[in-house]
Amino acid sequence: MSLTITLATTRRILNQLRRDRRTLGLLIAVPSVLMILLRYVLDAPGAFDRFGPILMGVFPFIVMFIVTSVGTLRERTSGTLERLMTTPLGKLDLLLGYALAFGVTALVQAAIVGTIALTWLGLDLRGPAWTLLLVTLLDAWLGMALGLFASAFARTEFQAVQFMPAFALPQLLLAGLFVPRGQMSTVLQWAADVMPLSYAVEAMQELTRHPDVTGTLVRDVAVIAGCALLALVLGAATLRRRTT
C-alpha cells in the first residue's frame, strides 16, 4: 500500500465526480429533496421528528450504493480497471482511494442534508447533532462499500442497479422501520441481527430517544463501521489483474 498512490486515486475519482454534474446532483441534491418531501408528507405533530432521522440514514445508503456500484462497474467494463491493475497500484490502494473519495462526498452530503433538516425543516433531535452527522456519514459509507462489492457480480450497469433491491430491500423490511424487531418472529430477528442496516436504523432511533450518547449507539456505530470495512475487504478480493 502506498499513501501517494491512494491519494492519487482519490483525486482521480473526485475529478470524475466533479465533471459529472448529474451524478453530483444524485449524490447531493436527491437526499435533500427527499427529506424536504418527507417533512411535508409527515405533517402530523412529531412524525417528522420520529422518522426523519431514520430516513436520513436510509436515503444516503441507497444513493451511494447505486452510484458506487454503477461507477465501479463502468471502470471494470471499460478496461480502466484492467489498465490500472497493470501499474504499481495495489488492490488496497484502489479500494481505499474509492473509499476516501466517496467518503468526502458522503461527508458533504451528510452535512448538507443535516443542515437542511435541523434548520429549515425544524427537526427536533434529542441527541447531539454531531452524532446525527456521524451516523449519516457511516450509513453513506456503508452503501458505498456494499456498492463496490456488488459491482463484482454485475456484467452491465442495469444489472448493477438491479442488485440494489436485492441488497437493500430485505434490510429495509427487517430493520425495524415498519415493525419493531422485537415483535418479529425468531427467525426474522436472527436475519435482522446480521443485516447492517438494522443497526443504522437503531442508531438513528437512539438519537430520537436519548439526549446522551448511549452504549447501544456506540455499539451500532461500531457495527456499521465494521460492516463497511468488511465489505471493502471483500471488494478487494474480487479485484483481479485481468477483467472480462
Side-chain angles (χ1 to χ4, degrees), residues 17 23-38 50-73 95 98-114 116-117 123 131-151 153-154 160-178 181 191-208 217 219-232 234-235:
L17 289 174
T23 299
L24 279 180
L26 180 63
L27 287 170
I28 305 300
V30 169
S32 301
V33 172
L34 290 175
M35 286 302 298
I36 294 170
L37 290 174
L38 181 68
R50 178 183 176 187
F51 293 103
I54 296 174
L55 294 177
M56 276 186 64
V58 172
F59 291 155
F61 171 86
I62 294 174
V63 171
M64 291 296 288
F65 181 94
I66 295 174
V67 170
T68 308
S69 60
V70 172
T72 308
L73 178 66
L95 268 296
Y98 267 96
L100 288 174
F102 283 102
V104 170
T105 307
L107 179 61
V108 175
Q109 179 190 76
I112 293 175
V113 175
I116 291 175
L123 177 65
T131 56
L132 177 69
L133 177 64
L134 174 62
V135 176
T136 302
L137 175 62
L138 285 175
D139 291 345
W141 198 56
L142 175 64
M144 176 272 302
L146 289 175
L148 285 173
F149 175 61
S151 69
F153 304 97
V161 173
Q162 287 179 315
F163 274 115
M164 192 278 292
F167 274 79
L169 290 185
Q171 296 192 63
L172 288 174
L173 292 175
L174 298 176
L177 282 173
F178 307 103
R181 289 161 57 194
D193 288 344
V194 299
M195 293 183 176
L197 201 58
S198 299
Y199 298 93
V201 170
E202 185 178 56
M204 287 301 193
Q205 289 173 336
E206 287 292 298
L207 296 179
T208 65
L217 177 60
R219 182 203 64 186
D220 292 339
V221 167
V223 170
I224 297 168
C227 288
L229 182 60
L230 177 61
L232 283 177
L234 293 175

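Leu146 contributes atom CG, which lies 9.5 Å from atom OG1 of Thr68 (distance to the nearest 0.5 angstrom). To the nearest 0.5 Å, atoms CE (Met35) and CD1 (Ile116) are separated by 9.0 Å. Rounded to the nearest 0.5 Å, atoms OG (Ser32) and CZ (Phe59) are 11.0 Å apart. The distance from the OG1 atom of Thr72 to the OH atom of Tyr98 is 4.5 Å, given to the nearest 0.5 Å. Here OG1 of Thr131 is found 11.0 Å from CG of Leu138. Values are rounded to the nearest 0.5 Å. Annotation: the span from Leu148 atom CG to Met64 atom CE amounts to 9.0 Å, rounded to 0.5 Å.
When every heavy atom of Ala200 is checked against every heavy atom of Ile224, the shortest pair comes out as CA-CD1, 3.5 Å. Here the closest non-hydrogen pair linking Met144 and Ala99 is CE-CA, 3.6 Å. Minimum heavy-atom separation, Leu229 to Trp141: N-CZ3, 4.3 Å. Residues Pro170 and Pro165 share a closest heavy-atom pair of CD-O, 3.1 Å. Taking all atoms of both residues into account, the shortest heavy-atom contact from Phe61 to Ala168 is CE2-CB, 4.0 Å. Across all non-hydrogen atoms, the minimal contact from Phe102 to Val67 is CE2-CG1, 4.0 Å.
You'll find the side chain of Gln205 stays beyond 4.5 Å of the side chain of Arg50, heavy atoms only. Side-chain contact between Val113 and Pro60: absent, with no pair of heavy atoms (C-beta onward) separated by less than 4.5 Å. In this structure, the side chains of Ser198 and Arg181 come closer than 4.5 Å at one or more pairs of heavy atoms. Between Leu17 and Leu27 there is a side-chain heavy-atom pair separated by less than 4.5 Å. With contacts defined as side-chain heavy-atom distances shorter than 4.5 Å, the pair Val201/Met204 does not qualify. Side-chain contact between Phe65 and Val161 is absent, with no heavy-atom pair separated by less than 4.5 Å. Under the 4.5 Å side-chain criterion, counting only non-hydrogen atoms from C-beta, Leu73 is not in contact with Val70. Within the 4.5 Å cutoff, side-chain heavy atoms of Thr208 are placed close to those of Pro53.
Taking the six-membered ring where tryptophan is involved, the planes of Phe163 and Phe167 are perpendicular, since the angle between them exceeds 60° and thus also 30°.
Annotation: Arg219, atom CZ; neighbour count of heavy atoms from other residues, nucleotides and ligands within 6.0 Å is above 12.
A side chain to side chain contact (heavy atoms under 4.5 Å, CB included) with Leu197 holds for exactly one of Ile62, Asp139, Leu172, Leu173; it is Leu172. In summary, of the residues considered (Ile112, Thr23, Val33), a side chain to side chain contact (heavy atoms under 4.5 Å, CB included) with Ile28 occurs for Ile112 alone.
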Exercise. Would Leu137 and Gln109 count as a side-chain contact (heavy atoms from CB on, under 4.5 Å) if you check the C-alpha gap in whole Å, the side-chain angles of each, and the deciding distance to 0.1 Å?
Worked result: CA-CA 8 Å; Leu137 175 62; Gln109 179 190 76; over 6 Å; no
